[in-house]
Protein chains: 2
Amino acid sequence: MCQRCNYAELLESCGLEPIPNRMRVLEVIGENASPLSAQDIFMTVSRTGGINRVTVYRILDLLVEKGLVDRLSSPGRSQMYGMAPNPNHPAHPHFHCRTCGAVQCLQPESVKVEMETLERTFAGEVQAVEIRLEGICRNCLKRA
Amino acid sequence: MCQRCNYAELLESCGLEPIPNRMRVLEVIGENASPLSAQDIFMTVSRTGGINRVTVYRILDLLVEKGLVDRLSSPGRSQMYGMAPNPNHPAHPHFHCRTCGAVQCLQPESVKVEMETLERTFAGEVQAVEIRLEGICRNCLKRA
DNA sequence: CCATTTTATGCAACTATGTTGCATTGAAAC
DNA sequence: GTTTCAATGCAACATAGTTGCATAAAATGG
Ligand SMILES: [Mn+2]
Ligand SMILES: [Mn+2]
Ligand SMILES: [Zn+2]
Ligand SMILES: [Zn+2]
């Protein structure tokens, strides 16, 4: 996904030592074009050497807490993880195929959100906006 | 939530017999001001007489499949259920408090979505759009 | 009305995802 | 080198949701 991101720097920029497991998890997330489940990440990281499932969950919690990674809700039972918006990666909506379950990142500007009314009237503090589209993906449309 | 919805009619309108358990589940969803988890629904329905947890899940699957109810993703491990948009209930965004976990329905017009670019360029078929806001709710702001 | 078929329900067992407690290891700090 | 603290692994647990199968309740057809 990203030739521009230096994962060690990203970790350091939020006070995390760039130790091997953190680097491995963050790289897997960063190099993939669409968000991955914890399971996906665990299996991918495992291919390059041992790591415990729990360690992956703990690293994910840490990366989300520090704001490097976004935890995205999904229509299934698991959550998904993708790079949080940063100067190289603007926030963008996601599309979930109801037929095959695939998730795609959409262009940042393909869906625009107008929140003026909300900002003027909402008494809480909005910290993030997630836009999820559901439907049938290109591939599944062809097959049908 | 709704004085205008006739739940039996709604069920019939999509080919489902308005049998008691379906009615009880749909009423609980319809009369609540914000989406509920399957667990919430099970406990609420249980107060008015016996029902099995699995039966609730099966009814929820059915109502979602028929489009009467929307399954909303949540930041936690469970999904939430609310009335699907219909003439009495326009689609609207939801707000999830990161501190207390509460979910609120927002005004339908408080957040506007502009999808022209997407519609012009996206090769799949978009069937639904979910807008989720996260942050700190009014109550939690006060407490902090 | 009874017999047959279909649909809904309950229960137990299971799967998937994520979490916790605790012991062990490994890397800083002194 | 010893102490200290963070990171890891492992087992056990928790929670949400699913499946298979038997039973009960409706609907259907005489
Ligand atoms: Mn993405
Ligand atoms: Mn709502
Ligand atoms: Zn698809
Ligand atoms: Zn709150």
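Atoms considered below: every heavy atom in the structure, side chains included; atoms not considered: hydrogens, waters and symmetry mates. In this text, all values refer to a predicted model and were calculated from it rather than measured experimentally.
Judged purely by atom type and a 3.5 angstrom limit, Thr121(A) uses its side chain to pair as donor or acceptor with the backbone of Thr117(A). His92(B) places a side-chain N or O within donor-acceptor distance of the main-chain N or O of Pro90(B), the cut-off being under 3.5 Å. The backbone N or O of Val54(A) sits less than 3.5 Å from a side-chain atom of Asn52(A), completing a donor-acceptor pair.
No chain of hydrophobic side-chain contacts below 4.5 Å, direct or via other Ile, Leu, Val, Met, Phe, Trp or Tyr residues, connects Val64(B) to Tyr57(B).
Within residues 52-59 of chain B, the residues approaching DNA chain D are Arg53(B), Val54(B), Tyr57(B), Arg58(B), by heavy-atom distance under 4.0 Å. A heavy-atom distance below 4.0 Å to DNA chain C is reached by none of the residues of residues 64-74 of chain B.
In this structure, the CG atom of Leu60(A) is 12 Å from the P atom of dT8(D), given to the nearest Å.
The number of heavy-atom neighbours closer than 6.0 Å to CD of Glu116(A), taken from other residues, nucleotides and ligands shown, is 12 or below.
For Glu114(B) and Lys112(A), the salt-bridge test fails: no basic side-chain N is under 4.0 Å from an acidic carboxylate O.
In this structure, Cys14(B) and Leu68(B) have side chains that are in contact, with non-hydrogen atoms separated by less than 4.5 Å. In this structure the side chain of Tyr7(B) never reaches within 4.5 angstrom of the side chain of Pro18(B), judged on heavy atoms.
Using a 4.0 Å cutoff to heavy atoms of chain A, the contacted part of DNA chain C runs 5' to 3' from dT15(C) to dG21(C).
Using a 3.5 Å distance cut-off with no hydrogens or angles, the side chains of Ser73(B) and Ser73(A) do pair a donor with an acceptor.
Applying the salt bridge (Lys or Arg N to Asp or Glu O under 4.0 Å) test to residues at least two apart or on different chains, the pairs with a partner in residues 78-106 of chain A are Arg98(A)-Glu134(A).
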Using the 3.5 Å cut-off, write out each protein N or O paired with an N or O of nucleotides 25-27 of chain D and the distance between them.
none

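Between Ser34(B) and Gln104(B) the shortest heavy-atom distance is CB-CA, 4.5 Å. Between Ala33(B) and Cys105(B), the closest heavy-atom pair is O-SG, 3.1 Å.
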Please tabulate, one pair per line, all N/O donor-acceptor pairs under 3.5 Å involving side-chain atoms of residues 41-49 of chain B, not counting sequence neighbours.
residue: Thr44(B); atom: OG1; partner: Asp40(B); partner atom: O; Å: 2.7
residue: Ser46(B); atom: OG; partner: Phe42(B); partner atom: O; Å: 2.7
residue: Thr48(B); atom: OG1; partner: Arg24(B); partner atom: NH1; Å: 3.0
residue: Thr48(B); atom: OG1; partner: Val45(B); partner atom: O; Å: 3.0

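Nucleotides of DNA chain C nearest to Arg77(B) and Leu62(B) differ in position, and the one nearer the 5' end is that of Leu62(B).
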